[in-house]
There are 4 protein chains.
Amino acid sequence: MDFKIIVMENKNYTRVPKQERSRETKQSILKAGLELFSEKSYYKTNSKEISKRAGVSIGSFYMYFPDKKELFKELLIEYHKQIRAVLENIEIESYVNSGKRRDFLNYLINKLIEAHYIYPEFHQEINVMALTDSDFIKVNEKSKAESIEVTKTLLHIWKDQLRIKDIEAAAIVVQTSIEEIVHVLIFSKHKAKNKKIIDECTDMLSRYLFED
Amino acid sequence: MDFKIIVMENKNYTRVPKQERSRETKQSILKAGLELFSEKSYYKTNSKEISKRAGVSIGSFYMYFPDKKELFKELLIEYHKQIRAVLENIEIESYVNSGKRRDFLNYLINKLIEAHYIYPEFHQEINVMALTDSDFIKVNEKSKAESIEVTKTLLHIWKDQLRIKDIEAAAIVVQTSIEEIVHVLIFSKHKAKNKKIIDECTDMLSRYLFED
Amino acid sequence: MDFKIIVMENKNYTRVPKQERSRETKQSILKAGLELFSEKSYYKTNSKEISKRAGVSIGSFYMYFPDKKELFKELLIEYHKQIRAVLENIEIESYVNSGKRRDFLNYLINKLIEAHYIYPEFHQEINVMALTDSDFIKVNEKSKAESIEVTKTLLHIWKDQLRIKDIEAAAIVVQTSIEEIVHVLIFSKHKAKNKKIIDECTDMLSRYLFED
Amino acid sequence: MDFKIIVMENKNYTRVPKQERSRETKQSILKAGLELFSEKSYYKTNSKEISKRAGVSIGSFYMYFPDKKELFKELLIEYHKQIRAVLENIEIESYVNSGKRRDFLNYLINKLIEAHYIYPEFHQEINVMALTDSDFIKVNEKSKAESIEVTKTLLHIWKDQLRIKDIEAAAIVVQTSIEEIVHVLIFSKHKAKNKKIIDECTDMLSRYLFED
DNA sequence: GATGAATGAGTCTTCATTCAT
DNA sequence: CATGAATGAAGACTCATTCAT
């Protein structure tokens, strides 16, 4: 899924392959769900509204999703997929040997912000649901564990230069700090401050992880 | 509010002073609300259930609270009051001049954990509601701002010994990191790891804030 | 439950005991359900309509019955209770020794007609549901088995005068025949014929069971 | 209609005559409807499911039947046609003059059981629908009246040997008794008892109709 | 003819809130 | 003050039927 709307540019071409149309409909429901869950939260959004926003009937909604929860679940999975995609595109090579550890940390934080920016409000909503519904807790815990694992891997690359002893605990501290600061930055109203905060965060992590 | 149930010790007095009885009833509703919101979230708890758990009628519920939301609001305010109380009881004096900055940070984190432990699940639920309902967003933002303010004040005490320049940004980074790590610790399943994580966090903040 | 409507004769008397009112509401729903299920069948009756007929809100409906099915179940149980009551009031004594076996059979058939007349259409509907919903099949089978048991007991009374050998099989044949003929009579449009049919049925059973 | 699936034996002919194909499609829908209505009742079967079982699209379903009800109606008519066919094949001649009246009754009951065995569950479902939907009540009443008419005709054959006076009423009693006992036998779980029950029924009718 | 995606009226059911007692 | 029966708007979900392809 990509969250872009596929705008039909040519209404003259009559025949849209059935499968295509079908995919489109599902897309539009996913998109509407993403928007509304983000705007007003899961509990304040009802299926009628999602359908309306998607420009389809309620019947269609239930053709593609057995229930509202399932729609959320699909969005959740998609969301994590995208975050993962960003993390997997991180270019470590140029930093790892050049000793530009601080630059790397900066780059990492910015990448993560970018990843979460896809749909910041949905990020919130995910947290909400993850806390509310046992079905989502697992998905979220798994996702968090994976993030910590990625962090651990990254730390291992600088293994020899680290001043910290317990990589496991450090990974948790680092990952948690970054994640939450990214969160703050995304919702910050004073975007001006953001650069400063990123710099401080970079400084903090740099001092923590490495001997100067 | 304290969340303990006030057990009537004197059954002889048939007439309990109305104000007393009234306060009790309200207490029991608050307690029931706190418990249920924490256990099953705001949206999955209904007023009938709260009344039942509180041992009062639904009618009583609506005598003391204009609606369900107001009950949550009062709990929210009470919750922040308690966190504040913990913070206000922090004893800085013994640390500030002794140079035991690292010990202080450790003490601070432990104090915050203690503060949040009052009702960890409710802490979650607050986050949920804060994101869901615009009425609570303000309460929460205000609370966060105050926490950062407190952090700033604390940093000012060590003013001369700090290596950081931008106290404003540092306060945000420090407060956010601590808050979230506390969060992780509270819900951590591997309590064994917790001490290590606290130590790493202390180390990180210490290195960040102070020159060795 | 009795299916009579309790008409409030005196609206001036303000206080209707709560329990009384509550029972009344439930009564009116049961009555409405009985009527509508009989008139239009279970599947064509919806909860809104039942509530409307009962003069209460849908909310009330669901206060007293978890769902439509449960309402039907309660009516079913009540129905069988009433049939049983009629059977238990049968006066055998006056017939058994006088040798008026034929009169007794006649009396029995008439009693059963009376019993089923309480709500003939509901009798139909019971058959419908008993065939449609596995939950009701048991109730119905049990009820039928009990009827055959009663028939067997009756046959035992005339033990010495019976020409039949297999009382078990005879009880099934007799009970089934009566039941179905009663059914026919109830729905018969030519009430004039009914007496004749009862007489023929009596004759048939009499000849079958007893030596002349 | 016969309920057997017509397996296409000749795959060489790519083009199956349209009428043939068309009839086949309709057959498969009828078959699927019969099965599903019998298995789960009319109201719990939906058109999508019928189409699926029939291996055709919903669109096809609605090409052959204006609505779900019409499908049931066709099955109903077909069902009665088959019962009729069995009755019409009854061989009276060999019995009527030989005086084997009892054997004939036995044969008749067995024939009727055979007739209803075509799809016993559907027999049930017919009763359900006949009571539920006014459209089917007529079909059913007509069918019942015809059965009584056939019974009357049969009784007339033995006219001179009958001990009963009112053939009309007797026909009702006989037909109703047989019909219902057949019903009991079909759904009986204790098949062992069935022979005994048939014998008792034969005995009952024989004693009732004829002087020994 | 065939297809099956799309429709939306109609059901069941919940629950915050009121108000007569 | 206390009670809890009653309310009904609102939401989740189904399914017979249509119609563009």
Side-chain angles (χ1 to χ4, degrees), chain A residues 14-26 43-52 54-69, chain B residues 18-19 21-22 25 43-52 56-71, chain C residues 14-26 43-52 54-69, chain D residues 18-19 21-22 25 43-52 56-71:
Chain A
T14 33
R15 210 183 247 267
V16 179
K18 262 176 194 174
Q19 291 211 341
E20 191 63 28
R21 264 222 310 170
S22 179
R23 202 178 304 138
E24 255 181 79
T25 303
K26 190 168 184 182
Y43 285 109
K44 292 194 171 170
T45 306
N46 61 15
S47 50
K48 211 171 185 173
E49 204 177 356
I50 298 170
S51 309
K52 201 180 168 187
V56 300
S57 67
I58 307 178
S60 284
F61 181 98
Y62 284 95
M63 263 192 66
Y64 291 100
F65 303 94
D67 51 33
K68 212 175 85 175
K69 212 167 159 179
Chain B
K18 268 179 188 175
Q19 291 210 341
R21 266 242 315 256
S22 176
T25 304
Y43 284 109
K44 292 189 173 172
T45 306
N46 61 24
S47 49
K48 210 172 185 173
E49 206 177 355
I50 298 170
S51 308
K52 203 180 167 187
V56 301
S57 67
I58 307 183
S60 283
F61 180 98
Y62 281 91
M63 272 193 55
Y64 290 102
F65 301 92
D67 52 33
K68 207 175 97 176
K69 211 167 160 180
E70 192 57 34
L71 168 60
Chain C
T14 34
R15 210 183 247 267
V16 179
K18 263 175 193 174
Q19 291 210 341
E20 191 62 27
R21 265 223 308 171
S22 180
R23 202 178 304 139
E24 255 181 80
T25 303
K26 192 170 181 180
Y43 285 109
K44 292 193 172 172
T45 306
N46 62 12
S47 50
K48 210 172 186 174
E49 204 177 355
I50 298 170
S51 309
K52 202 180 168 188
V56 301
S57 66
I58 309 178
S60 284
F61 181 98
Y62 283 95
M63 263 192 67
Y64 291 102
F65 303 94
D67 50 34
K68 213 174 82 174
K69 210 168 162 178
Chain D
K18 266 180 190 173
Q19 291 212 342
R21 265 243 315 255
S22 177
T25 305
Y43 285 109
K44 292 189 174 172
T45 306
N46 60 25
S47 49
K48 210 172 184 173
E49 206 176 354
I50 299 170
S51 309
K52 203 180 166 186
V56 301
S57 67
I58 306 183
S60 282
F61 180 98
Y62 281 92
M63 272 193 56
Y64 290 102
F65 301 93
D67 52 35
K68 207 175 97 175
K69 213 167 159 180
E70 192 58 33
L71 168 59

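Only heavy atoms go into these numbers, but all of them, side chains included; no hydrogens, no water, no symmetry mates. Residue numbers start from 1 in every chain, and the chains themselves are labelled A, B, ... in the order their sequence lines are given, proteins ahead of strands.
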> Rounded to the nearest 0.5 Å, what separation is found between the NZ atom of B/K68 and the OH atom of B/Y62?
Replying inline: 8.0 Å
>> Please classify the nucleic acid contact of A/T25 as base, sugar-phosphate, or nothing, using heavy-atom distances under 4.0 Å.
In response: sugar-phosphate
> To the nearest Å, how far apart are D/I50 CD1 and F/dT17 P?
Replying inline: 11 Å
> D/L71 has an atom CG; how far is it from atom P of F/dT17, in whole Å?
Replying inline: 11 Å
> Got a sec, which residues hit ring-ring contact (aromatic ring centres under 6.0 Å, His included) with B/Y43, two or more places apart in sequence or on another chain?
Replying inline: A/Y43
>> If I take atom NZ in residue C/K52 and atom C1' in nucleotide F/dG8, what distance separates them, rounded to the nearest angstrom?
In response: 14 Å
> Would you say A/S22 reaches E/dG4's phosphate, i.e. side-chain N/O to OP1/OP2 under 4.0 Å?
Replying inline: no
> Is any side-chain nitrogen or oxygen of A/S60 closer than 4.0 Å to OP1 or OP2 of E/dT7?
Replying inline: yes
>> To the closest 0.5 Å, what do you measure between CD1 (A/I50) and CZ (A/F65)?
In response: 9.0 Å
> Do side-chain atoms of B/S51 reach the backbone of B/S47 as a donor and acceptor pair under 3.5 angstrom?
Replying inline: yes
> Taking CD from D/E49 and P from E/dG4, how many angstroms apart are they, rounded to a whole number?
Replying inline: 17 Å
> Can you list the residues that meet the side chain to side chain donor-acceptor pair (under 3.5 Å) rule with D/E49, with sequence neighbours excluded?
Replying inline: D/K40
> Taking only residues two or more places apart in sequence or in another chain, which ones pass side chain to side chain donor-acceptor pair (under 3.5 Å) with D/Y64?
Replying inline: D/S22
> Listed by chain and number, what are the side chain to side chain donor-acceptor pair (under 3.5 Å) partners of A/K26, not counting sequence neighbours?
Replying inline: A/E74
> Should stems be defined as at least three consecutive Watson-Crick or G-U pairs with both distances under 3.5 angstrom, which of them involve DNA chain E?
Replying inline: E:2-21 with F:2-21
> Who are the side-chain contact (heavy atoms from CB on, under 4.5 Å) partners of D/K48, not counting sequence neighbours?
Replying inline: D/N46, D/I58
> Between C/S57 and F/dT7, is there a side-chain N or O to OP1/OP2 distance below 4.0 Å?
Replying inline: yes
> Which part of the nucleic acid, if any, lies within contact of D/F65, taking any heavy atom under 4.0 Å across all strands shown: a base, the sugar-phosphate backbone alone, or nothing?
Replying inline: nothing
> Can you give one letter per nucleotide of nucleotides 10-16 of chain E, going 5' to 3': B for a protein heavy atom under 4.0 Å from the base, S for sugar-phosphate only, - for none?
Replying inline: -SSBBSB
>> In whole Å, I'd like the distance from the CZ atom of A/R23 to the P atom of E/dA5.
In response: 13 Å
>> Output the rounded distance in Å from NZ (C/K26) to C1' (F/dG4).
In response: 16 Å
> Closest to the A/M63 side chain: F/dA6, E/dA5, E/dA2?
Replying inline: E/dA5
> Who pairs with C/K52 by salt bridge (charged side-chain N to carboxylate O under 4.0 Å, His left out), at least two apart in sequence or on another chain?
Replying inline: none
